[in-house]
Amino acid sequence: MDLLIRNADVVDGSGTSAPYRADVAVENGRITAVTRESDGAGARAAGARRTLDATGLALAPGFIDMHAHSDLALLRDPDHSAKAAQGVTLEVLGQDGLSYAPVDDRTLEEVRSAISGWNGSPPGDTSPDALDFDWRTVGEYLDRIDRQGTAVNAAYLVPQGSVRMLAVGWDDRPATPAETGTMRRLVAEGLEQGAVGMSSGLTYTPGMYASDAELTELCRTVATHGGYYCPHHRSYGKGALQAYEEMVALTREAGCALHLAHATMNFGVNKGRAPELTALLDRALAAGADITLDTYPYTPGCTTLVAMLPSWASAGGPEAVMARLSDEETCARIRHVMEVEGADGCHGVPMDWDTIEISGVGDPALAGHVGRTVAQSAAEAGEEPFATARRLLIEDRLGTTILQHVGHEENVRHMMRHPAHTGGSDGILQGAKPHPRAYGTFPQYLGRYVRELGVLSLEECVAHLTSRPAARLRLPDRGLVREGYRADLVLFDPATVAPGATFDNPRVLPTGIPHVLIDGRFVMEDGRRTDVLAGRSVRRTPRQAAPPR
């Protein structure tokens, strides 16, 4: 055997088995034996090329990040310690309806501009780590991951906004039947090339311009190919429950599995209302719906400043936005909608500039704003907050990222207890002061919400981070410590595991996670990143088993 892990406290990912002491043997990237201490003598060390004494450590399946924004980070920086050090062995990319495949030459430049705040690499990037965008299709993007190798595995969702960009453009109008047919073809091709489903960003342009009927047609294609739909739906603020209900009804009509992205209830209008959301989901599940969800264990959210604009102000794409921001009359309308009516980009809630913290800028000359709220920067400049936000958007060419302090702890705790819950970081790695969830989500679950608060038991929490997401992704050989399964494994100390990242210092790696393996190879060893790039694309295939019911 290649490796024998001895005396580990196995938390097997099932959620139903208490931790048990066992020896775990690994050969050719798979678990070949799990020998419990209670069964008598442990596995014999003779013949093992390496033996690791795991006394005092929990052994679990590798964690699956169901909502990641590492689309370019894992190519630009294959070391990717931000995720590997957390015990993450698989990320799901292509989130929120906007990513870099499928594209053509025109839309590649448009999407690079639109989400440079998430991923960096704006058009014209000449930095030392600038990427060669040598792909256009989903399959070519996944091939690029395989050729290069990364620290963690990656699955991909076809981004509906990018698809609409190709077929319709940035116009706020219904798609024609021919355009809808083109979009269905593009989604089908992405799924056939290995994508696990489709995402949407229904508060982001141009995906938000799609009607329910259009989304239903695309979801029918997703269902035909055995994938799932992962929407960032139309509101997490005013009208949030109706927005969730819309997604449930839409996917039921299409016969498509549903995975709700960062499923929470934010803003003052939704304080304490998470039980209403889970009741809605429970009714749908009882009626036969196939629903899962993910959350991150923090209260603030993170996005781009341009996303706060009303959708009509973003029609036509990034250059059209820049033109509107330069027009005084148009900006007066934008300000009124944002501050008085509540823009759809801000989930129908009027802007509170005290809650908008600037977390990153593309232009280093604007770095002095980072770590301040828009209101604070405006006060220092002696101007109104909207004027500061407008100036930032123009000078930073829409590349500014923000933290939005609008969440509620009681809602966070309630959602993570739900049986359909999985873990997702929603981690944006770009910016001088990113959200600490990018570096701390999984140890935050294990340290704060398991050990300190007891919101979940250890075995429950590990199941939320392993077997449940593996089932949603229809991966029959991941998510459990079981013979024959892939040796994607994490060893951590339940007594000390904790995030190092904080809001003040967000790029600190966690403690208490000494070893992480992918296919039986150490990507983290004794708390240090190795030079192993064992990660590859994880592709949907027609032969994958359906998730257990």
Strictly by ring pair (Phe, Tyr, Trp, His ring centres under 6.0 Å), give each pair with a member in residues 353-380 just once, sequence neighbours left out.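 For residues 353-380: none.
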
Salt bridge (Lys or Arg N to Asp or Glu O under 4.0 Å) partners for [X], two or more places apart:
X: Asp294; result: none
X: Asp125; result: none
X: Glu395; result: none

Test of understanding: with ring-ring contact (aromatic ring centres under 6.0 Å, His included), list the residues that count as partners of [X], not counting sequence neighbours.
X: Tyr204; answer: Trp118, His232
X: Tyr141; answer: Trp135, Tyr156
X: His233; answer: Tyr236, Tyr244

Please give me the minimum heavy-atom distance between [X] and [Y], naming the atom from each residue.
X: Ser235; Y: Thr203; value: N-CG2, 4.3 Å
X: Gly161; Y: Pro206; value: O-CG, 3.5 Å
X: Met265; Y: Ala240; value: SD-CB, 4.0 Å
X: Ala167; Y: Met183; value: CB-CG, 3.5 Å
X: Gly94; Y: Ser99; value: CA-CB, 3.8 Å
X: Gly227; Y: Cys256; value: O-SG, 4.3 Å

Is it true that a side-chain atom of Thr422 and a backbone atom of Leu293 form a donor plus acceptor pair closer than 3.5 Å?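 Checked: pair present.
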
Donor-acceptor pair, side chain of Thr502 and main chain of Asn505, under 3.5 angstrom: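 Yes, Thr502 side chain to Asn505 backbone: donor-acceptor pair under 3.5 Å.
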
Mark yes or no: Arg437 above the aromatic ring of Tyr296, with NZ or CZ under 6.0 Å from the six-membered ring centre and no more than 45 degrees from the axis.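 Geometry flag: set, cation within 6.0 Å and 45°.
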
Report yes or no: is the cationic atom of Arg472 (NZ for Lys, CZ for Arg) closer than 6.0 Å to the six-membered ring centre of Tyr228, at no more than 45° off its axis?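 Flagged: Arg472 positioned over aromatic ring of Tyr228.
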
Parallel under 30°, tilted from 30 to 60°, perpendicular over 60°: which one fits the rings of His69 and His67?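 The rings of His69 and His67 stand perpendicular, inter-plane angle above 60°.
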
Using 30° and 60° as the class limits, which term best fits the ring planes of Phe267 and His347: parallel, tilted or perpendicular?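 Geometry flag for His347 against Phe267: tilted rings.
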
Check this for me, if you would: do Arg234 and Asp212 make a salt bridge, where the nitrogen-to-carboxylate-oxygen distance has to be below 4.0 angstrom?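 Here Arg234 pairs with Asp212 in a salt bridge, since their nearest N and O are under 4.0 Å apart.
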
Hey, are Glu383 and Arg390 close enough for a salt bridge, meaning a charged N less than 4.0 Å from a carboxylate O?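 Not counted as a salt bridge, because no side-chain N and carboxylate O are separated by less than 4.0 Å.
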
Which residue pairs pass the salt bridge (charged side-chain N to carboxylate O under 4.0 Å, His left out) test when at least one of the two sits in [range], sequence neighbours left out?
range: residues 198-207; value: none
range: residues 301-319; value: Glu319-Arg397
range: residues 367-380; value: Arg372-Glu380

Hey, does [Y] have a side-chain heavy atom less than 4.5 Å from the side chain of [X]?
X: Leu277; Y: Leu241; result: yes
X: Arg173; Y: Val168; result: yes
X: Pro310; Y: Asp344; result: yes
X: Leu446; Y: Arg451; result: no
X: Glu179; Y: Arg164; result: no

Derivation of the side chain to side chain donor-acceptor pair (under 3.5 Å) call for Ser425 and Tyr298: CA-CA 9 Å; Ser425 71; Tyr298 298 88; over 6 Å; no

Holding to side-chain hydrogen bond (donor to acceptor under 3.5 Å, both in side chains), I want the full list of residues that pass it with Arg413, two or more places apart in sequence or in another chain.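 Expected list: Glu409.
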
Tell me, please, which residues at least two apart from Glu460 pass side-chain hydrogen bond (donor to acceptor under 3.5 Å, both in side chains).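 With sequence neighbours excluded, Glu460 shows a side-chain hydrogen bond (donor to acceptor under 3.5 Å, both in side chains) to Ser457, given in chain and number order.
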
Leu305 CG to Thr400 OG1 distance, which is reported to the nearest 0.5 Å: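 So the gap between those two atoms works out to 5.5 Å.
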
Atom pair NE2 (His405) and OG1 (Thr299), whose distance is rounded to the nearest 0.5 Å: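 One finds 8.0 Å between NE2 of His405 and OG1 of Thr299.
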
Under 6.0 Å from the CD atom of Glu452, do we count more than 12 heavy atoms belonging to anything else shown?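 More than 12 within 6.0 Å, yes.
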
As a quick check of understanding, evaluate side chain to side chain donor-acceptor pair (under 3.5 Å) for Thr180 and Glu217, giving each step before the final call. CA-CA 8 Å; Thr180 300; Glu217 287 303 303; over 6 Å; no

For [X] and [Y], test the side chains for any donor-to-acceptor distance below 3.5 angstrom and give the result as yes or no.
X: Thr216; Y: Glu253; answer: no
X: His259; Y: Thr292; answer: yes
X: Arg324; Y: Thr330; answer: no

Mind running side chain to side chain contact (heavy atoms under 4.5 Å, CB included) on Leu456 and Tyr449 for me, showing each step along the way? CA-CA 6 Å; Leu456 295 169; Tyr449 287 96; 5.8 Å; no

Checking Ser311 against Thr205 for the side chain to side chain donor-acceptor pair (under 3.5 Å) test, could you report, in this order, the C-alpha distance in whole Å, the side-chain angles of both residues, the deciding distance, and whether it holds? CA-CA 7 Å; Ser311 58; Thr205 55; over 6 Å; no

